[in-house]
Amino acid sequence: MFWDEIYCQINALLLHCQINFYSTNDIYYNPVDSSSVRLYLINDVKYYAKVFLNRDPKLVHEELTFMRYLKKNDIMVPGVLLIDKNEFNEISYNGNKVVFFFAREVSGDDVVDRETLFDIVRNIAKMHSVSRKYKIENKERLAKCNIERLHLLVKDSKKLVDKMCSRKKLELIINEVDVKNKYSMIHGDLHKKNIITRKGKFYGLIDFSDCRLGHFEDDIGKIVQSFLTVKACNIGDVKKVIREYNSVNNYILNTKEVLLSCVYHILYFVNVNYDYISDIEQYSHTIELCMQE
């Protein structure tokens, strides 16, 4: 497999830089963005090699710059290993550009419940307070907010949406939300595995590969959807989620936009995994509840 050959080149670079390492055989591959992750032990410390095929190095630079900015402002994010004095490196494979870096492992546990959710949200509010002041370097990070993404998904996937909910009602609700120009840097992929908890408390964040300009509601909607999916909370908890967030950040979340962001993530998940989902009705029911709030 070509990923093995790519990792052979990475290992050769580590040896050239006289870095002691041991690499595991497990390789996780994400076909969506042509990326790969592999666990390494370097000088007795665990790191994840994050490898991107044909990804713009400017995007990787922005990701690492944003992580460094958050860390400087006391937000727990992984440290990055310098190789040959570089945060990230580039190699070539069969005419393709390969960009990679090593992020230190941040471990946690799987304790998740309603109180964990509220603690996570308070800490994400702190992160957002910090990220509002971040000055983005790469304008290619500009992206549509989840309301705009949902509008396009409803337009392009009418059959799916019709199976999941009342499309006309959803379109009416979407049109009621005023999508203001309130873009700030967000994490962009706050599902449960990217939020590290220890003993039911927030500890840190990992995987900023999807960080982008967006709305804070996009991040919170993703968190809510992630917890709803594993039944660690219910739709009635959303109002408290928003109260907890607003108690920390002077930015006031738009409740309807949070719920629509949640709907977007559910529809996107179902659209990608439709053939593997045995109980579509549970997702449809959650969408209906979001639309009723």
Could you tell me whether the side chain of F100 reaches within less than 4.5 Å of the side chain of R55, counting heavy atoms only? no

Within the supplied structure, the quantity of interest is the number of heavy atoms (other residues, nucleotides, ligands) at a distance under 6.0 Å from D156 CG; does it exceed 12? yes

What I want to find out is whether D207 reaches K50 closely enough, with some N-O distance under 4.0 Å, to be called a salt bridge. yes

Using the side-chain hydrogen bond (donor to acceptor under 3.5 Å, both in side chains) definition, which of the options H215, E217, H128 pairs with Y251? E217

Taken to the nearest 0.5 Å, the spacing of I206 CD1 from R104 CZ works out to 14.5 Å

Is atom OH of Y268 surrounded by more than 12 heavy atoms (other residues, nucleotides or ligands) closer than 6.0 Å? no

Those residues that, when tested against F101, pass ring-ring contact (aromatic ring centres under 6.0 Å, His included) (two or more places apart): none

To the nearest 0.5 Å, tell me how far D210 CG sits from D189 CG. 4.5 Å

Is it the case that more than 12 heavy atoms not belonging to E176 sit under 6.0 Å from its CD atom? yes

Give the intermediate values and the outcome of side-chain hydrogen bond (donor to acceptor under 3.5 Å, both in side chains) for residues H151 and N175. CA-CA 9 Å; H151 180 76; N175 291 331; 4.6 Å; no

Answer yes if I75 and I196 sit in the same cluster of Ile, Leu, Val, Met, Phe, Trp and Tyr residues linked by side chain heavy atoms under 4.5 Å apart, and no otherwise. no

Can a side-chain donor-acceptor contact be found between N73 and R68 if the only test is distance below 3.5 angstrom? no

ILVMFWY cluster, L39 and I6 together (side-chain gap under 4.5 Å): no

From CA spacing to verdict: side-chain hydrogen bond (donor to acceptor under 3.5 Å, both in side chains), E105, Y47: CA-CA 5 Å; E105 181 200 44; Y47 287 89; over 6 Å; no

If only atom types and distance count, is the side chain of T65 paired as donor or acceptor with the main-chain N or O of H61 below 3.5 Å? yes

For Y7 and S36, does a side-chain donor sit closer than 3.5 Å to a side-chain acceptor? yes

Is E62 paired with K58 through a side-chain N to carboxylate O contact shorter than 4.0 Å? no

D218 and H187 side chains, donor-acceptor separation under 3.5 Å: no

Under 3.5 Å side-chain donor-acceptor pair for Y245 and N249: yes

Below 4.0 angstrom, N of the basic side chain to O of the carboxylate: do D109 and R198 qualify? no

Please, which pairs that meet salt bridge (charged side-chain N to carboxylate O under 4.0 Å, His left out) have at least one residue in residues 226-251, sequence neighbours excluded? R114-D237, R122-E244

Give the cluster check for F21 versus F102: same hydrophobic cluster or not, with ILVMFWY residues linked at side-chain heavy-atom distances below 4.5 Å. yes

Under a 4.5 Å side-chain heavy-atom rule over Ile, Leu, Val, Met, Phe, Trp and Tyr, are F202 and V224 clustered together? yes

Which is it for T116 and D119 under the side-chain hydrogen bond (donor to acceptor under 3.5 Å, both in side chains) test, yes or no, and what are the steps along the way? CA-CA 5 Å; T116 306; D119 188 58; over 6 Å; no

Across all chains, not counting sequence neighbours, the side chain to side chain contact (heavy atoms under 4.5 Å, CB included) partners of Y283 are M164, T229, I266, F269, V270, I277

